[in-house]
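By convention in this document, chain letters (A, B, ...) are assigned in the order of the sequence lines, proteins followed by strands, and residues within each chain are numbered from 1.
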Amino acid sequence: MASYEDLTSLSVRRGFLWPAVDLYGGFAGFYDYGHNGVLLRRRWEDLWIETFLGLSDNYYLIDTTTILPEAALQASGHVEHFTDILVTCTRCGESYRGDHLLEAATHEEHEGLTAEEIDTRIRDLKVRCPNCGGVLGPGRPFNMMFPVGVGPTGKDHAYLRPETAQGVFLNFKREFEALRRKLPMGLAIVGRAYRNEISPRQGAYRMREFLQAELQIFFDPETFGDLVPLGELSSIPVRVAWADEKNERGAHDLPAKDFVARGLPSWYVWHLVQVQRFYLDALRVPREAFRFAELDEKERAFYNRIHFDIQVRQESLGGFKEVGGVHYRTDHDLKGHEAGSHVKQSVTFGSRKLVPHVLELSFGVDRNAWALLDLSYQKTDRIVLRLPPRLAPVPAAVFPLVNKDGLPEKAESVYAALRKRLVVFYDDSGSIGRRYARMDEIGTPFSVTVDHETLEGKGVTVRERDSQKQIRVAEAELSGLLARLLSGEAVFAA
RNA sequence: GCGUGGGUAGUCUAACGGUAGGACUUAGGCCUUCCAAGCCUACGACGCGGGUUCAACUCCCGCCCCACGCACCA
């Protein structure tokens, strides 16, 4: 159980993350990572890459620019759909989306109007503030994308990318050739994206600059289901909250085949199962703290036909919170870029000529890192981060039991040998108990102590974080055993 | 963006219109044969800017930042 304050305090004290630029009073929506935060995040990324690129031998990582010219984001639909005209009441100060006000007054769609057009219609229709009846002020455009002036004149309009996905779509044809024209093809990016959030909140949850890990899978909708057959997965229970249950606190289990019975494509359900495995088995998220949440048509982004959020229940954020999503984007993006660029995006695969469809597995890296901190946090007489061993920033530490009798020298040589294979931390300050406690706070699963018996050739002790129990291990077997404990090949048995 | 509450060492917290105190942490030392022990020492703070005042951490104004509620979240 971790309160928001518990986690921010620990994060700052132990070098995970904190508000950016706090030297100058802070910068809302931006966070910096310290040494342990970066290690945690990178271990999550490694596991993500291993898991999701491992779904096929034709899935790869690419890397693309974070600044995109207006034309590309026009074609993707972001320039239009990302800009809202906001209107503020001059009396009570409430803000509204101009198109929503007009829609309520006329029951007609008013998409894509300029601020001036909205002002004119509000005046003509005598629309007043729905809250207090006051006079509405002038409309002003608000774009969720950060504009960037490129070149000496700044006249070449560009934006910081609002999602990594567009970088993949822009490179689809290049990679389809380079990867020798095979479907399905998966292209992933782990990189930064930027959104000018109106009010960033809750630490790493809603930021203006954040890390995404996204895999775009290009496939032929006619055959994809045969390539990833549900088979024995069809009876696997999947945690879900349907759109009409989204406000409920929990979720229920439903066999995968029942999702298909409800009309979802079997290949989509197959990927839900894989994502759930990643959370439950690899990240060790407790079953009751995980769920997919269905989004109905009103909640979905303009490009998604099927959309389930991936949610993790976090005490510090007040319940289930989105950490990712599984999005069926159809051929929306490639068709959009085909129309915008006048470059054909259709390809020939087998006997079919088609514009491939896209399934997007999208994850917020910062949100996932935060969720891990939240779920791992345990406070009794001391604080312990019960991270899965593989995700711990520092997997092992080495201490001399006392600083005399040649123990520090021996411990340093054990440390020197271990660090050739692992990230290890050496500490000889304070009492032995204090050193264990320090490692517990950053989630280090195993601590090695050199004592007097070590000098007699009786090996070292290995202490496990969660049980505080110890086993004695011969020096020659130490690094091999630690490696097996971390990978999960061996279990700690005291 | 609106409203409410708030901002004092790394963390948690106290007080005051006149020398900003403690606890924990950290570093060094003594001691120590396994879970934040004890003793000594040291480092370290009033979010930023302006105003009032002989004097402002304290009062006033503006800004920044944080939490919560509303709105927003393609």
(request) Respond yes when some side-chain nitrogen or oxygen of Q202(A) is under 4.0 Å from OP1 or OP2 of C68(B), and no when none is. (result) yes

(message) Among U32(B), C35(B), A74(B), which nucleotide has an atom closest to any side-chain atom of Q468(A)?
(response) C35(B)

(message) Quick check for you: among U33(B), C68(B), C65(B), whose closest atom lies nearest to any side-chain atom of A28(A)?
(response) C65(B)

(message) Work out how far the C1' atom of G7(B) is from that of G49(B), and round it to whole angstrom.
(response) 16 Å

(request) For C34(B) and A45(B), measure between their C1' atoms and round to the nearest Å. (result) 37 Å

(request) May I have the distance from R435(A) (atom CZ) to A37(B) (atom P), rounded to whole angstrom? (result) 11 Å

(request) May I ask you to check if R239(A) and F290(A) form a cation-pi contact, with NZ or CZ under 6.0 angstrom from the six-membered ring centre and within 45° of the axis? (result) no

(request) Output yes when at least one side-chain N/O atom of S431(A) is less than 4.0 Å from OP1 or OP2 of C34(B), else no. (result) no

(message) Strictly below 4.0 Å: does Y96(A) bring a side-chain N or O up to OP1 or OP2 of C72(B)?
(response) no

(request) Give the rounded distance in Å between these two atoms: CH2 of W18(A) and P of G7(B). (result) 24 Å

(request) Look at the side chain of K404(A) and decide which nucleotide, out of C72(B), U32(B), G69(B), has an atom nearest to it. (result) U32(B)

(message) Is the phosphate of U26(B) approached by R438(A) (side-chain N or O, under 4.0 Å from OP1 or OP2)?
(response) yes

(message) Tell me whether R208(A) forms a cation-pi arrangement with Y194(A), defined as NZ or CZ under 6.0 Å from the six-membered ring centre and within 45 degrees of its axis.
(response) no

(message) Between R434(A) and U25(B), is there a contact of a side-chain N or O with OP1 or OP2 at under 4.0 Å?
(response) yes

(message) Please determine whether a side-chain nitrogen or oxygen atom of K469(A) lies at a distance below 4.0 Å from atom OP1 or OP2 of C34(B).
(response) no

(request) In whole angstrom, give me the gap between the C1' atoms of C63(B) and U11(B). (result) 27 Å

(request) Decide whether a cation-pi geometry holds between R463(A) and Y436(A); the criteria are a distance under 6.0 Å from NZ or CZ to the six-membered ring centre and an angle within 45° of the ring axis. (result) yes

(message) With a 4.0 Å limit, can you tell me whether R97(A) has a side-chain N or O closer than that to the phosphate oxygens OP1/OP2 of C73(B)?
(response) yes

